[in-house]
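Below you'll find the structure, written out as structure tokens, and then a few comments.
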Amino acid sequence: MAKAVAWHASFTSYSSSSSSSPFPRNPIVPVGFSLSLSPRIHTLSSAFPSLSIKPKRPNSSFEEDIAGFDEMVSGTERKYYMLGGKGGVGKTSCAASLAVKFANNGHHTLVVSTDPAHSLSDSFAQDLTGGMLVPVEGPDFPLFALEINPDKAREEFRDATKNNGGTGVKEFMDGMGLGMLVEQLGELKLGELLDTPPPGLDEAIAISKVMQFLESPQYNMFTRIVFDTAPTGHTLRLLSLPDFLDASIGKILKLRQKIASATSAIKSVFGQEETKQNAADKLERLRERMVKVRDLFRDADSTEFVIVTIPTVMAVSESSRLSASLKKENVPVKRLIVNQILPPSASDCKFCAVKRKDQMRALDVIQSDPELSSLKLIQSPLVDMEIRGVPALKFMGDIVWK
């Protein structure tokens with residue numbers, strides 16, 4: 001097992017003439033890299049500062065842990081990367097650093113947070129809230145970020161269920177691209193039954209965004225889309241939702257085919273103002289869109305799930321279960337990032353020595369785990385700085401995505 005590398009904790013100060021930089025003038029940045037910023041204007045009428053960071057090269061085994069970034073960056077066709085794992089392992093930092101790396105290597109990139117507890121804004125040191133595409137300041141090529149806002153959606157849902165005895169639900173779901181599901185299942189007093197949003201609403205919103213990425217001209221420019229996903233349980237619901245909806249819609253269509261004549265109760269399910277055939281056609285179109293999203297999640301040529309973990313036995317065990325679930329869903333996964341590894345030291349304190357021994361035990365577990373041992377292992381060291389802002393993210397990207 002590759003051992004961690006000693007990263008020099010030298011302090012380099014820099015100054016920037018860019019007033020839009022999220023960093024103050026002449027800060028102390030403790031990881032040993034030099035930084036220069038110069039403005040550069042790109043298309044889309046946005047200014048993206050050009051940056052150059054020169055991290056100190058590792059002197060031993062970290063060079064063996066290659067993420068295969070040349071493979072990830074090659075080609076101009078659109079590709080999707082989903083990063084997920086246990087909460088608190090650094091998924092957002094890894095996703096943001098990958099997005100910066102893609103942008104600095106010539107790809108128009110979009111990074112999307114589907115985590116209800118967003119931290120993309122914190123990682124980029126920039127306000128990305130509002131549920132809209134926001135240009136990120138700093139990379140060489142256009143990089144945009146999007147935080148899907150489930151809290152706002154839940155509030156809108158509550159308001160919608162109170163309107164017109166529940167008929168506002170359909171309007172709300174229409175805005176997410178899922179209105180047909182509510183329309184064909186009927187209102188059925190949803191205002192009374194769904195005073196609070198049902199489980200899976202966050203994932204449904206994320207699915208509707210994936211549909212937009214697939215179909216909307218607004219997203220055609222992006223050749224790399226990086227998803228910063230929610231912790232494991234939410235992510236698995238997100239990945240399994242298209243199958244669930246496909247099966248549910250299929251059952252509805254089969255039920256409809258078995259019913260020769262519509263009673264008033266059946267009309268309330270399939271709609272009063274349109275023919276049953278039109279209703280069935282709309283359901284079939286929704287089913288086809290869900291199949292398209294499901295196929296995207298499972299397409300090894302365009303999509304990859306990257307598991308992020310930390311070197312503790314508990315986190316590794318959850319990562320093993322996540323890997324097994326991804327395989328069950330036929331989602332392609334071939335990389336495992338082990339984040340926050342302590343670099344070796346010639347003068348360990350007792351705490352550091354015990355902590356490092358514990359981390360090595362976790363790495364041994366990965367080697368022997370049948371779900372994880374076949375994955376490409378990427379070791380990311382614990383650094384003595386907060387990974388915040390594009391310069392720090394670029395530095396992390398140069399370490400991790402080699």
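Predicted, not measured: the structure shown is a model, and the values here were computed from it.
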message: Using the ring-ring contact (aromatic ring centres under 6.0 Å, His included) criterion, which residues pair with Phe297? Sequence neighbours excluded.
response: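 Per chain and number, Phe297 pairs via ring-ring contact (aromatic ring centres under 6.0 Å, His included) with no residue.
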query: Quick one: ring-ring contact (aromatic ring centres under 6.0 Å, His included) partners of Phe222, sequence neighbours excluded?
result: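 In terms of ring-ring contact (aromatic ring centres under 6.0 Å, His included), with neighbours along the sequence ignored, Phe222 is linked to Phe144.
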query: In terms of ring plane angle, is the pair Phe102 and His107 parallel, tilted or perpendicular, where the classes change at 30° and 60°?
result: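 Perpendicular: the ring planes of Phe102 and His107 meet at over 60°.
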query: When rounded to the nearest 0.5 angstrom, what distance separates OG in Ser320 from CG in Leu375?
result: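 One gets 9.5 Å once the value is rounded to the nearest 0.5 Å.
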task: Please round to the nearest 0.5 Å and tell me the distance separating atom CG of Leu363 and atom CD of Gln379.
output: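 Spacing of CG (Leu363) from CD (Gln379) equals 5.5 Å.
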Restricting to salt bridge (charged side-chain N to carboxylate O under 4.0 Å, His left out), what partner residues turn up for [X], sequence neighbours left out?
{"X": "Glu147", "answer": "none"}
{"X": "Arg298", "answer": "Asp243, Glu329"}
{"X": "Lys327", "answer": "Glu371"}

query: With a distance cut-off below 6.0 Å to the six-membered ring centre and an angular limit of 45° from the axis, does Lys101 pair with Phe69 as a cation-pi contact?
result: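 Relative to the ring axis of Phe69, which defines the angle, Lys101 lies inside both limits.
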task: Scan side-chain atoms only and decide if Asp299 and Ser302 contain a donor-acceptor pair under the 3.5 Å cut-off.
output: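 Asp299 vs Ser302: donor-acceptor pair found between side chains.
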- prompt: Any side-chain donor-acceptor pair under 3.5 Å between Thr76 and Thr223?
  reply: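 Their side chains do not contain a donor-acceptor pair, so the 3.5 Å distance test is not met.
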query: So among Tyr81, Phe305, Phe213, which one has a ring-ring contact (aromatic ring centres under 6.0 Å, His included) with Phe227?
result: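 For Phe227, the ring-ring contact (aromatic ring centres under 6.0 Å, His included) check succeeds only for Phe213.
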field: Residues which pass side-chain hydrogen bond (donor to acceptor under 3.5 Å, both in side chains) with Ser93, listed by chain and number, not counting sequence neighbours
entry: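 side-chain hydrogen bond (donor to acceptor under 3.5 Å, both in side chains) list for Ser93, sorted by chain: empty.
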